[in-house]
Every structure is written in structure tokens, then in C-alpha cells.
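Before any comments, here is the structure.
Just so we're on the same page: letters track the sequence lines, and every chain starts at 1.
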2 protein chains.
Amino acid sequence: MDAENILAEHGLRNTEARHGVLDVFNKYDYALSHSDLEKELQKYFDRVTIYRTIHSFLDKGIIHKVIDDSESAKYALCADECSSDRHHDNHVHFKCAKCGNSECLNHVQIPSINVPKGYLVSESNLLIEGVCASCN
Amino acid sequence: MDAENILAEHGLRNTEARHGVLDVFNKYDYALSHSDLEKELQKYFDRVTIYRTIHSFLDKGIIHKVIDDSESAKYALCADECSSDRHHDNHVHFKCAKCGNSECLNHVQIPSINVPKGYLVSESNLLIEGVCASCN
DNA sequence: ATACTTTTGCAACTGAGTTTCATTTATGAG
DNA sequence: CTCATAAATGAAACTCAGTTGCAAAAGTAT
């Protein structure tokens, strides 16, 4: 699906900045931080615009946050059908100690966990660290 | 075990600041951020000292990082025997959406996950979000 | 083409965390 | 106990991530 349709389907206006950010996400197969995006887009868009684009994409379910032990937040495209109502990403994230990239293992589901009595689970987030297939 | 022995066992000098930080960790049963520690200790110690204490505790295996989707890092005491050589914390972390606290579920282990061919796992980190026993 | 709403750029700001360096403190040897 | 040494602390200044307010620009529906 092209960028224009993705934006329209999620109720976002079709602007150059959003188009540009989507293109960068499509170009890489691992999670990107604001500064990764900025490196590629700073000639064209302001850094604040990139922050705001990340927020609207998160909000509308176009990207999801990839939790990682690094300082700065990273994001990746949602594979499943997500919307602003609900994110459906229930896959494992893998961070490579060699190349430093974090990727979505879209086909590896997070198993359900038995929590102690009295606890209610709404979502879970599993980060595995190690060496990725490209670096191994 | 008292604070003085904990410090000595991990090869750290027995200072007031470290004593104070340990006391705060013992006082709460959930993970603390630098600013949580600072709130309790700012009258006595400089904020930079608190940062450095966190680093040496992390390094020596007295505390471990609790990964969380919030901006600031949180830390909790290691239950298992950890050293600077190796951390042995393999338990689940739980973040409550109501009170905002993150705690260690020390008795809930992270299950081992089958990753795709070519990937090597060295450690994993599982964060569950929901409502904790106290808030439920 | 117009009117209205959303998005953008810019400047200024906040908050987390780090670095440098001079001073103070803990500790082990004599 | 005293002293020398190495480690820890405080203070100021700094970097980097992220946010806010506002005026100008661009998208969209009519």
C-alpha cells in the first residue's frame, strides 16, 4: 500500500513530512529512533515536526514503540492491523548486541504468563537480547 | 543483611550516600528512578552523587535496571545473587497502569522462547502491564 | 476560490544524564 | 593512631531527548 493510502486510512492528512517519515520506516527493517529519522530527514523537515509525526503515527496505530534498554525510544511499523483504538502487536522484539539494531520478530508471539493472584494483565512486552541472524 | 555488609561484599566503600540510597531501595517494594531517590535524598546528597551511586550499584550487581516504557530509567534491588560478572535476574517485571509503579515479580520466571534460526539469545526482558494486586 | 482546520517551523524551554575538577572522605599500611 | 593514597563527593557547566507556544503555511471540504 502506498503512503498516501496508509495516511488516509488512519485519518491523517497527506503531508510531505508524513510521507517522508513513512518512507524512512519502509527503507529499514529495524526499529528507528527520532535521531535515526532526523539523520535522513533533517534537510527537509524540522526536528519538532519529526517528533510530532512520530506521535501521530503512534496514536493512529501506524507505528508502535519498541522498548529497549537504550536511552532513546525506538519505533517500528505495525505489521498487524492497528488503529488508534487498539494496538495488536504481540510479538517479540530482538536487540542485537553487535549491530545495535532492534527488530520485530513478527512471527514470534509473546507467550501468556501466569501472574500472581490479584494481578490483571492488559499487555506484555518481551525484549530478547543476543546476536541477530545477520551478525551471527 | 545490613547495608555495610552489602557494600563490602560487592567491593564498595561504605559511604553515607551509598548507605542512604540502599535504605531508600529497602523502603519501597517497587522500582525507583533517579528522581524518586532524589526526592528523598536531596537534602543530604548531590544529584550527581545519586547518579554515580546508581551506576556503581548497577555495575556491582546490587540493583538491576527495570525496563519500562516511561522516559526515565528505574532500578530495583537484585534478589538473586548478582555480581559485576553477571546478573542473574530472570524474572518478570510488572507495571501498574493505576499507581504507575513497576515491581519485580521475583517468582515469575521468563519462559524461554524459540527464536528463528540464526539468532542467538543472551538474555531476555519481559514487562507486563496491567493492574497490580494493591490497586485491583 | 474560499473558509476553516490542521500542520509546520522556529525559538525557547524542561528534564535526564554526563563531564570536569577541586575538595573531602574511606581505608589499608606502618 | 597517623599518614598516604585512592576513591567518592559537590558544584558548575554541559549535552541530548523531548515539549510547548505561537505565527505562518498548507491541506481539505464546500
Those residues at least two apart in sequence (or on a different chain) that pass side-chain hydrogen bond (donor to acceptor under 3.5 Å, both in side chains) with A:Tyr44 are none

As a quick check of understanding, evaluate side chain to side chain contact (heavy atoms under 4.5 Å, CB included) for A:Cys99 and A:Ser134, giving each step before the final call.
CA-CA 9 Å; A:Cys99 63; A:Ser134 323; over 6 Å; no

In this structure, how many angstroms lie between the C1' atom of C:dT6 and the NZ atom of A:Lys60, rounded?
11 Å

To the nearest angstrom, the CD-P distance between A:Gln42 and C:dG9 comes to 13 Å

Give a yes or no on whether the backbone of B:Arg13 and the side-chain of B:Arg18 come within a donor-acceptor separation of less than 3.5 Å.
yes

With a sphere of 6.0 Å drawn around CG of A:Asn114, does it hold more than 12 non-hydrogen atoms of other residues, nucleotides or ligands?
no

Look at the side-chain N and O atoms of A:His55 and state whether any lies under 4.0 Å from the OP1 or OP2 oxygen of D:dT19.
yes

Kindly determine whether A:Tyr75 and A:Phe57 satisfy ring-ring contact (aromatic ring centres under 6.0 Å, His included), including the steps that lead there.
CA-CA 10 Å; A:Tyr75 307 92; A:Phe57 282 10; over 10 Å; no

Just by protein heavy atoms under 4.0 Å, how would nucleotides 7-15 of chain D read 5' to 3' in B, S and -?
SSBBBB---

Please give me every residue in residues 31-38 of chain A whose heavy atoms get under 4.0 Å of an atom in DNA chain D, ordered by residue number.
A:His34

Give me the ring orientation class for B:His93 and B:His64: parallel if the planes are under 30° apart, tilted from 30 to 60°, perpendicular past 60°.
parallel

B:His19 NE2 to C:dT25 P, in whole Å, measures 17 Å

Around atom CD of A:Glu4, are there more than 12 heavy atoms from other residues, nucleotides or ligands closer than 6.0 Å?
no

Under the 3.5 angstrom rule, does the side chain of A:Asp59 hit a backbone N or O of A:His55 as a donor-acceptor pair?
no

Inspect the surroundings of CD in A:Gln109 and state if more than 12 heavy atoms from other residues, nucleotides or ligands are less than 6.0 Å away.
yes

Rounded to the Å, how far apart are B:Leu7 CG and C:dT27 C1'?
14 Å

Given axes from five pairs at either end, by how many degrees does the helix from C:dA1-D:dT30 to C:dG30-D:dC1 bend, rounded to 10°?
40°

Backbone N or O of B:Gly118 within a donor-acceptor pair of the A:Asn136 side chain at under 3.5 Å?
yes

When you check the side-chain N and O atoms of A:Asn5 and A:Asp2, is any donor under 3.5 Å from an acceptor?
yes

Please report the distance, rounded to the nearest Å, between OH in B:Tyr51 and P in C:dG17.
4 Å

Is a side-chain donor or acceptor of A:Lys65 paired with a backbone partner of B:Asp69 at a separation under 3.5 angstrom?
yes

At a cut-off of 3.5 Å, list every protein nitrogen or oxygen paired with a nitrogen or oxygen from nucleotides 22-24 of chain C, distance to 0.1 Å.
none

Which pairs of donor and acceptor atoms, one on a side chain in residues 32-41 of chain B, lie under 3.5 Å apart (sequence neighbours left out)?
{"unit_1": "B:Ser33", "atom_1": "OG", "unit_2": "B:Ser35", "atom_2": "N", "d": "3.4"}
{"unit_1": "B:Ser33", "atom_1": "OG", "unit_2": "B:Ser35", "atom_2": "OG", "d": "3.4"}
{"unit_1": "B:Ser33", "atom_1": "OG", "unit_2": "B:Asp36", "atom_2": "N", "d": "3.2"}
{"unit_1": "B:Ser33", "atom_1": "OG", "unit_2": "B:Asp36", "atom_2": "OD2", "d": "3.1"}
{"unit_1": "B:His34", "atom_1": "NE2", "unit_2": "B:Arg47", "atom_2": "O", "d": "3.1"}
{"unit_1": "B:Asp36", "atom_1": "OD2", "unit_2": "B:Ser33", "atom_2": "N", "d": "2.9"}
{"unit_1": "B:Glu40", "atom_1": "OE1", "unit_2": "B:Lys27", "atom_2": "NZ", "d": "3.0"}
{"unit_1": "B:Glu40", "atom_1": "OE2", "unit_2": "B:Tyr28", "atom_2": "OH", "d": "2.3"}

